[in-house]
Amino acid sequence: MPFRGHYLHHAKKNASHSSSCSTSLLFISLICLASLFLVDSLFKSYVSPRNHQNLQFKRSDSSGTPILVEPCDYSDGMWIYDPSVRSAPYDHTCKEIFKGWNCIASNKSNGLDIIKWGWKPKGCDLPRFDPVRFLERFKNTNVGFVGDSLNRNMFVSLFCTLKRVSSEVKKWHPAGADRGFTFLQNNFTIAYHRTNLLAHYEGFRVDVDIPDGTWAEAPSFHDILIFNTGHWWWAPSKFDPVKSPMLFFENGLPLIPPVPPHVGLDLVLKHMISFVERRMQPGGIKFFRTQSPRHFEGGDWDQGGSCQHLQPLLPEQVVSSSVVFQVEELLFEEQWTNVETRLVNQHLYKALKGSDFHILEITRMSTFRADAHPSIAGGKKHDNCMHWCLPGTTDTWNDLFIMHLNNIKFQN
């Protein structure tokens, strides 16, 4: 980390002094160790907060009564390779898969290997969900994904998994959705509402207290909602902080003095969370998904960045490259390839505190999967190290999502 070399430099310098400096050297070493421990603790708390554990339930063999088991932190685990895995929850012929995400059809070198890696939480299991049982259990239910293209990534994964076992599908646009489908046999509807900032914006004007029209009706229509935002908030290609900064408005009036994006994000989250809680129908279930990590190395997407890994990262590789990142008017230099992810999650957890949203923590498990992006197989002039191959990592997000839904059903 940035200060580690600083302390080692002084340690070497002081080592040549007289023995009277030994106490000072020991003191400095202790500070160094304590600092490293603190940063490591902060890293874990920002990426995978321990206070968001989830209860596991089992059914009693005799009475069918739910039995509470030990809490499980599904975000804490490792990816295990299983060469015996021969098939994914769906295949590359699912027509809803965006061409740039279809790594098998695009002949990505490890496209077939990606599905052989399974997430194993410590102390519990995260099995693949059963799409037949899911459709039966959640019949007459509407599920909406609200957010940017990463939530579409997840939406497509779930749709393709369900489509494989239930082919009678009606395509439509429920509650202003960008796309949606109803599985007729179970009257189960799934929809994707595209919104980059959650709030309404035109050009560079962002109205922090007005929801984007693409999803404003979603809370009154859906029984289950899953939100995300983050990738567009620090996107120089769209909102350059100098040439084209976001201009935030509240109650129809500009915020004076102008506020930076991180303050705007806090305001948007506050207003949108309040809006959803007011408009969601009784008994509705609300999720907010944490930030999906990017894996550009050697530069950002428009600076020649790439992701050429063929296997998940090792823990020591996750923090192996030093990056400089500007946010909140400060420059950060850290050994962490996803500073943006950590910062967005900080704002997200702060905004959700005290709400009745459930947090879907996918950041930590996804951080290791630098191998699972389309990369050069995405069909663009630059590597795609942000979205995920399908089939791929977002299938595991849905396993986790549905595990949480089942647990919530048990608790209710």
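The structure presented is a predicted model; accordingly, all values stated were derived computationally and were not measured.
Within the 3.5 Å criterion, the main-chain N or O of Asp209 finds no donor-acceptor partner in the side chain of Asp207. Side-chain atoms of Asn153 never come within 3.5 Å of backbone atoms of Phe155 as a donor-acceptor pair (strictly under, hydrogens ignored). The closest donor-acceptor contact from the side chain of Thr363 to the backbone of Gln291 lies under 3.5 Å. For the pair Gln281 (side chain) and His222 (backbone), a donor-acceptor distance under 3.5 Å is present. Under a 3.5 Å cut-off, the side chain of Ser366 and the backbone N or O of Ser292 do not form any donor-acceptor pair. Judged purely by atom type and a 3.5 angstrom limit, Asn110 uses its side chain to pair as donor or acceptor with the backbone of Asp371. A donor-acceptor contact shorter than 3.5 Å is absent between the side chain of Asp395 and the backbone of Pro391. At least one donor-acceptor pair under 3.5 Å links the side chain of Asp91 to the backbone N or O of Thr93. Within the 3.5 Å criterion, the main-chain N or O of Leu162 finds no donor-acceptor partner in the side chain of Ser166. Within the 3.5 Å criterion, the main-chain N or O of Gly147 finds a donor-acceptor partner in the side chain of Tyr192.
A salt bridge between Glu136 and Lys139 is present, with a side-chain N of the basic residue lying under 4.0 Å from a carboxylate O of the acidic one. Salt bridge absent: Asp73 and Lys122 never bring a charged side-chain N and a carboxylate O closer than 4.0 Å. In this structure, Asp356 pairs ionically with Lys286, as a charged nitrogen and a carboxylate oxygen lie closer than 4.0 Å.
In this structure, the separation between OG on Ser157 and CG on Asn398 is 4.5 Å, given to the nearest 0.5 Å. To the nearest 0.5 Å, the span separating CD1 on Ile359 from NZ on Lys353 amounts to 11.5 Å.
Taking the six-membered ring wherever Trp is involved, the centroid distance between the rings of Trp119 and Trp79 falls below 6.0 Å. Taking the centre of each ring, His373 and His295 come in below the 6.0 Å mark. Close placement of the Phe275 and Trp215 rings is indicated, their centers lying within 6.0 Å of each other. Taking the six-membered ring where the residue is Trp, the centroids of Phe188 and Phe138 are separated by 6.0 Å or more.
The aromatic rings of His262 and His347 lie tilted to each other, with the angle between the two planes from 30° to 60°.
Environment of CZ in Arg179: crowded, with over 12 heavy atoms of neighbouring residues, nucleotides or ligands closer than 6.0 Å. No more than 12 heavy atoms of other residues, nucleotides or ligands lie within 6.0 Å of CZ in Arg279, so this atom counts as exposed by the packing criterion. Counted within 6.0 Å of CD on Glu277, heavy atoms from surrounding residues, nucleotides or ligands total more than 12; the atom is thus considered enclosed. The local environment of CD in Glu217 is sparse, with at most 12 non-hydrogen atoms from other residues, nucleotides or ligands closer than 6.0 Å.
Looking only at side-chain heavy atoms (C-beta outward), Ile224 and Asn142 stay at 4.5 Å or farther from each other. When side chains are defined from C-beta on, Phe287 counts as touching Phe401, because their heavy atoms get closer than 4.5 Å. Using a 4.5 Å cut-off on side-chain heavy atoms (C-beta onward), Ser75 and Met365 make no contact.
Under a cutoff of 6.0 Å and an axis angle of 45°, Arg205 and Phe249 form a cation-pi pair.
Asn140 and Asn187 share a side-chain donor-acceptor pair at under 3.5 Å.
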